[in-house]
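Structure, as structure tokens:
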Amino acid sequence: YEGKINVVYECGSDDGSNEQGGAKKLMEVVGDNFGIDLQYYAHVNYSVVRDTVNAVGGVTVEIDSDDPRGILDRNFDWACNMQCYYVKWPNGPANLNGDQALALARARNAAGGYGLGGGNFDREQYQQKIIVAIKDKAASAGTLANPLKVTGIMDALGNNVRTSFSAGEVKTLIRLAGD
């Protein structure tokens, strides 16, 4: 059987009812294909992007499409009965709220759009930019000094991330990431 690697989780989890089984199977297949021994997993919901961006008060991402108009993907505009644009920005800095950041993270030039000709590759580029923007905003003094924002970040992560890391291992991971 051949298919996309993201289907392995679904098959191993009995269609979503056994998260640990899906994670174990995915770790096994990725490890076998890339020759690495995976010890941990993290299951991250899409909503963590929306919730974390909102918790830090929005992020700014540079739109740098090879299309002079910027980017457009109408695939998510159903949420507003096609009366708005979730993904439509000219080239240059775009200030995004959580819903817009999530839509951009999922955009891939669907529904007659433009500016994302690389499909998944462009989508992955913008996902990376969003993650960096969240990190930079979360690490800023204004965010760290605001207990409501810190609590919002913790809630966003706690509600949307499940992992096999222990609490002590998470602390070590945070320290290593900082280094």
Side-chain angles (χ1 to χ4, degrees), residues 1-56 59 61 71-82 85-88 96-135 138 152-174 176-177:
Y1 174 74
E2 291 183 14
K4 287 179 149 184
I5 198 162
N6 57 352
V7 175
V8 173
Y9 172 83
E10 185 178 341
C11 292
S13 70
D14 299 323
D15 293 326
S17 63
N18 178 1
E19 179 178 302
Q20 289 180 341
K24 182 178 177 185
K25 187 66 176 173
L26 184 57
M27 288 169 38
E28 175 186 313
V29 169
V30 169
D32 289 348
N33 280 280
F34 293 100
I36 54 178
D37 182 23
L38 298 172
Q39 299 293 316
Y40 304 99
Y41 72 88
H43 182 157
V44 182
N45 293 333
Y46 273 130
S47 346
V48 74
V49 172
R50 180 195 63 225
D51 296 350
T52 306
V53 168
N54 285 337
V56 299
V59 295
V61 172
I71 61 174
L72 169 68
D73 186 332
R74 300 293 317 258
N75 196 46
F76 308 101
D77 298 343
W78 57 266
C80 60
N81 295 321
M82 304 305 279
Y85 297 104
Y86 275 89
V87 178
K88 182 181 182 184
L96 310 175
N97 65 30
D99 289 326
Q100 293 166 328
L102 178 56
L104 178 59
R106 298 177 70 196
R108 61 175 99 184
N109 218 34
Y114 55 77
L116 296 162
N120 284 339
F121 295 108
D122 286 338
R123 180 174 71 159
E124 291 162 3
Q125 174 191 12
Y126 285 110
Q127 288 171 348
Q128 291 171 8
K129 288 181 177 194
I130 292 165
I131 290 168
V132 168
I134 291 169
K135 176 194 69 85
I153 293 168
M154 299 295 283
D155 287 345
L157 295 173
N159 293 336
N160 296 298
V161 178
R162 292 179 304 283
T163 181
S164 60
F165 285 98
S166 71
E169 291 164 332
V170 170
K171 289 178 185 176
T172 301
L173 182 61
I174 291 169
L176 289 172

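The first residue in the sequence is number 1, and the count goes up from there.
More than 12 non-hydrogen atoms from other residues, nucleotides or ligands lie less than 6.0 angstrom from CD of Glu169.
Looking at residues two or more places apart in sequence or on another chain, you find a side-chain hydrogen bond (donor to acceptor under 3.5 Å, both in side chains) between Asp77 and Arg74. Scored by the ring-ring contact (aromatic ring centres under 6.0 Å, His included) test, Tyr40 finds Phe165 as partners (sequence neighbours excluded). With sequence neighbours left out, the side-chain hydrogen bond (donor to acceptor under 3.5 Å, both in side chains) criterion links Asp37 to Gln39. Applying the side chain to side chain contact (heavy atoms under 4.5 Å, CB included) criterion to Phe121, with sequence neighbours excluded, gives Glu124. Under the side chain to side chain contact (heavy atoms under 4.5 Å, CB included) criterion, Gln125 pairs with Asp64, Asp122, Lys129, not counting sequence neighbours. Listed by chain and residue number, Arg108, Arg123 satisfy the side-chain hydrogen bond (donor to acceptor under 3.5 Å, both in side chains) test with Asn120 (two or more places apart in sequence, or in another chain). With sequence neighbours left out, Glu28 forms a salt bridge (Lys or Arg N to Asp or Glu O under 4.0 Å) with Lys25. Among residues two or more places apart in sequence or in another chain, the side chain to side chain contact (heavy atoms under 4.5 Å, CB included) test is passed with Ile131 by none. Annotation: side chain to side chain contact (heavy atoms under 4.5 Å, CB included) contacts of Ala23 (sequence neighbours excluded): Tyr41.
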Solution key, residues 45-52 side-chain donor-acceptor pairs under 3.5 Å, sequence neighbours excluded:
{"residue": "Asp51", "atom": "OD2", "partner": "Asn160", "partner atom": "ND2", "Å": "3.0"}
{"residue": "Thr52", "atom": "OG1", "partner": "Val48", "partner atom": "O", "Å": "2.6"}

Donor-acceptor pairs under 3.5 Å, side chain of residues 96-103 to any protein atom, not counting sequence neighbours: which ones?
{"residue": "Asn97", "atom": "OD1", "partner": "Asp99", "partner atom": "N", "Å": "3.0"}
{"residue": "Asn97", "atom": "OD1", "partner": "Gln100", "partner atom": "N", "Å": "2.8"}
{"residue": "Gln100", "atom": "OE1", "partner": "Asn97", "partner atom": "N", "Å": "2.9"}

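The two residues Val61 and Ala133 have their closest heavy-atom pair at CG2-CB, 4.3 Å.
Annotation: salt bridge (Lys or Arg N to Asp or Glu O under 4.0 Å) contacts involving residues 39-48, sequence neighbours excluded, are absent.
At a threshold of 4.5 Å between non-hydrogen side-chain atoms, the residues Arg106 and Tyr126 do not count as touching. Leu104 is listed as a side-chain neighbour of Ile71, based on a closest heavy-atom distance under 4.5 Å.
Here His43 contributes atom NE2 and Glu19 contributes atom CD; the two are 5.5 Å apart, rounded to the nearest 0.5 Å. Expressed to the nearest 0.5 Å, how far CG of Asp73 lies from OH of Tyr85 amounts to 12.5 Å.
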